[in-house]
Amino acid sequence: MPFSCSAFGNEDISQLPLLWQQSIIDNAREEAERALAQRRLKTLSFSIVTALVAGVVARPAAVQATDYKDTITGVADNDRAGGTGNYSPGYDIAGQDGVQHYRFADGDSVAREGVDGDVRAMSITSGNPPVVLDVAGDGWLELSAIRGESSTVGSAVGILNDGNTVTVNGNTRISTNADDLDFGMVRGSSAQGVLGRGRSTTVFNGATDIHARTQGFARAVWADRTSTIIFNGPTTILAESRGTLDAVYSFDGRITFNGNTTISALSIWPSDNAHAIYNDGVGSRMTVNGDLSLTTVAMGSTAFGVRTQGTMEVTGDTTVDVKGPRSTHGIASWHWRSRMTWN
């Protein structure tokens, strides 16, 4: 299990030229993007959960890609073409066995933009049927939420699952960006790629790429209070922020990676604490069935590869690279009840 931890010290970094300071971030970002590019060249083959897709066919791959602009709510009568939401274009939705299947072709995108309030590409709540996103063949679905500069605090979220069940069958790229007027200094806006709360379950069957960026506070993956998030396939996660940075965060949640996983937390100078993985709360459970690569760069405070208070297990090879101006921690057990297993 390779480790690399270094602290370059407050006195040293304050004397460095700005371009030199920024090069620390650029080098780590280039390495994360290089790993992502290499993985995208691989042929992907995944087993899809047949109970969820039996009899339901995604839109054919030959269909021209569609750019959707409206939030996926899971309410079919609101989201479909001609529905009450007046979506243009409306979504292709098929109901089966109490589940709403949203059908996408390769290259389809859901792109939400806004300024005031929260901006969400997908927002699913309890009390509605489970939702499945079906992507044709080996294609990719793009989800993005972009929040412009605003005097009010808000968030940009790719997928919010609040108390329901969401399944993504196919490859997915999720990107979020909140342009924070406060620059993360006092309150700060936030960016989340995937947020599960309210005892929800979110499953990705395919390759998954997630990027969350803001000058405020970023969490690319966030499982809150016994919610479950599962990645069945190779996963690449990148989070960037000036405020507190957690690329993968669990507060008494359950997160499982079934496949090789790359996680990067790259701070925007000057930054607060930075974590590639923060397994917060003694009830948190995290499992990685595959190789794990972690990169953390802090530009103002403490840096962690892994900070855990709960239970964590990794069954593959692990690489941890951590850099920061103060203390740096490759893997830190932060509670006397925490347990970690590295196989």
Side-chain angles (χ1 to χ4, degrees), residues 1 123-127 130 155 157-168 174 190-205 208 210 212 217-233 235 237 239 241 243-259 261-265 272-290 292-294 296 301-316 318 320 322 329-343:
M1 184 192 305
S123 182
I124 309 299
T125 60
S126 62
S155 61
V157 184
I159 296 177
L160 169 62
N161 184 2
D162 191 356
N164 209 318
T165 298
V166 171
T167 303
V168 180
I174 301 171
S190 63
Q192 294 98 37
V194 179
L195 169 55
R197 65 190 187 196
R199 298 186 177 183
S200 62
T201 298
T202 307
V203 180
F204 294 88
N205 293 316
T208 307
I210 302 174
F217 306 92
R219 286 174 176 165
V221 176
W222 180 358
D224 190 57
R225 301 182 187 278
T226 70
S227 289
T228 298
I229 302 176
I230 300 172
F231 296 91
N232 294 319
T235 303
I237 296 169
S241 71
T244 301
L245 174 60
D246 310 309
V248 174
Y249 180 81
S250 173
F251 183 75
D252 289 339
R254 311 287 187 266
I255 301 177
T256 300
F257 297 95
N258 293 316
T261 302
T262 300
I263 302 172
S264 302
D272 201 346
N273 292 344
H275 312 81
I277 293 175
Y278 190 178
N279 210 28
D280 194 5
V282 296
S284 294
R285 302 288 184 269
M286 189 172 299
T287 304
V288 181
N289 295 311
L292 176 63
S293 176
L294 303 177
T296 303
S301 193
T302 304
F304 296 82
V306 175
R307 180 180 180 182
T308 183
Q309 298 177 357
T311 300
M312 182 171 178
E313 181 177 6
V314 180
T315 62
T318 302
V320 183
V322 182
H329 307 271
I331 297 175
S333 178
W334 223 248
H335 194 279
W336 68 271
R337 291 176 58 187
S338 69
R339 298 289 185 271
M340 289 184 286
T341 304
W342 305 84
N343 297 310

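One-based numbering along the sequence shown.
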For the [atom1] atom of [X] and the [atom2] atom of [Y], what is their distance to the nearest 0.5 Å?
{"X": "Arg285", "Y": "Thr308", "atom1": "CZ", "atom2": "OG1", "result": "9.5 Å"}
{"X": "Thr165", "Y": "Ile124", "atom1": "OG1", "atom2": "CD1", "result": "11.0 Å"}
{"X": "Asp272", "Y": "Ser301", "atom1": "CG", "atom2": "OG", "result": "5.0 Å"}
{"X": "Arg219", "Y": "Leu195", "atom1": "CZ", "atom2": "CG", "result": "9.5 Å"}
{"X": "Ser284", "Y": "Gln309", "atom1": "OG", "atom2": "CD", "result": "7.5 Å"}
{"X": "Met312", "Y": "Leu292", "atom1": "CE", "atom2": "CG", "result": "5.5 Å"}

For Phe257, ring-ring contact (aromatic ring centres under 6.0 Å, His included) partners two or more places apart: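 For Phe257, the residues satisfying ring-ring contact (aromatic ring centres under 6.0 Å, His included) (neighbours in sequence not counted) are Phe231.
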Tyr249 and Trp222 aromatic ring geometry - parallel, tilted or perpendicular at 30°/60° bounds: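 Because their plane-to-plane angle is over 60°, the rings of Trp222 and Tyr249 count as perpendicular.
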Exercise: identify the closest heavy-atom pair between Asp246 and His275: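 Minimum heavy-atom contact is OD1-ND1, 2.8 Å.
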Heavy-atom closest contact (Thr201 atom, Asn161 atom, distance):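 Nearest heavy atoms, Thr201 then Asn161: O-ND2, 3.0 Å.
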Going by heavy atoms in the side chains, are [X] and [Y] under 4.5 Å from each other?
{"X": "Ser250", "Y": "Asn279", "answer": "yes"}
{"X": "Val248", "Y": "Met286", "answer": "yes"}
{"X": "Asn343", "Y": "Glu313", "answer": "yes"}

Short side-chain to backbone donor-acceptor contact, [X] and [Y], under 3.5 Å:
{"X": "Ser241", "Y": "Phe217", "value": "no"}
{"X": "Thr261", "Y": "Gly259", "value": "yes"}
{"X": "Thr296", "Y": "Ala276", "value": "yes"}
{"X": "Arg225", "Y": "Ala223", "value": "no"}

side-chain contact (heavy atoms from CB on, under 4.5 Å) partner of Ile277, the single match among Leu294, Ile331, Ile255: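 Result for side-chain contact (heavy atoms from CB on, under 4.5 Å) with Ile277: Leu294.
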Sole candidate of Thr167, Asn205, Asn258, Thr202 that passes side-chain contact (heavy atoms from CB on, under 4.5 Å) when paired with Ile230: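 Considering Thr167, Asn205, Asn258, Thr202, a side-chain contact (heavy atoms from CB on, under 4.5 Å) with Ile230 is found only for Asn258.
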Side chain to side chain donor-acceptor pair (under 3.5 Å) assessment of Ser338 paired with Ser333: CA-CA 6 Å; Ser338 69; Ser333 178; 2.2 Å; yes
Side chain to side chain donor-acceptor pair (under 3.5 Å) involving Thr125 - partner list, sequence neighbours excluded: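 Once residues adjacent in sequence are excluded, the partners of Thr125 under the side chain to side chain donor-acceptor pair (under 3.5 Å) criterion are Asn128.
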Pairs satisfying salt bridge (charged side-chain N to carboxylate O under 4.0 Å, His left out), at least one member in residues 191-203, at least two apart: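 Every pair satisfying salt bridge (charged side-chain N to carboxylate O under 4.0 Å, His left out) with a residue in residues 191-203: Asp162-Arg197.
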CA sep, side-chain torsions, deciding dist, call: Thr235, Phe204, side chain to side chain contact (heavy atoms under 4.5 Å, CB included): CA-CA 10 Å; Thr235 303; Phe204 294 88; over 6 Å; no
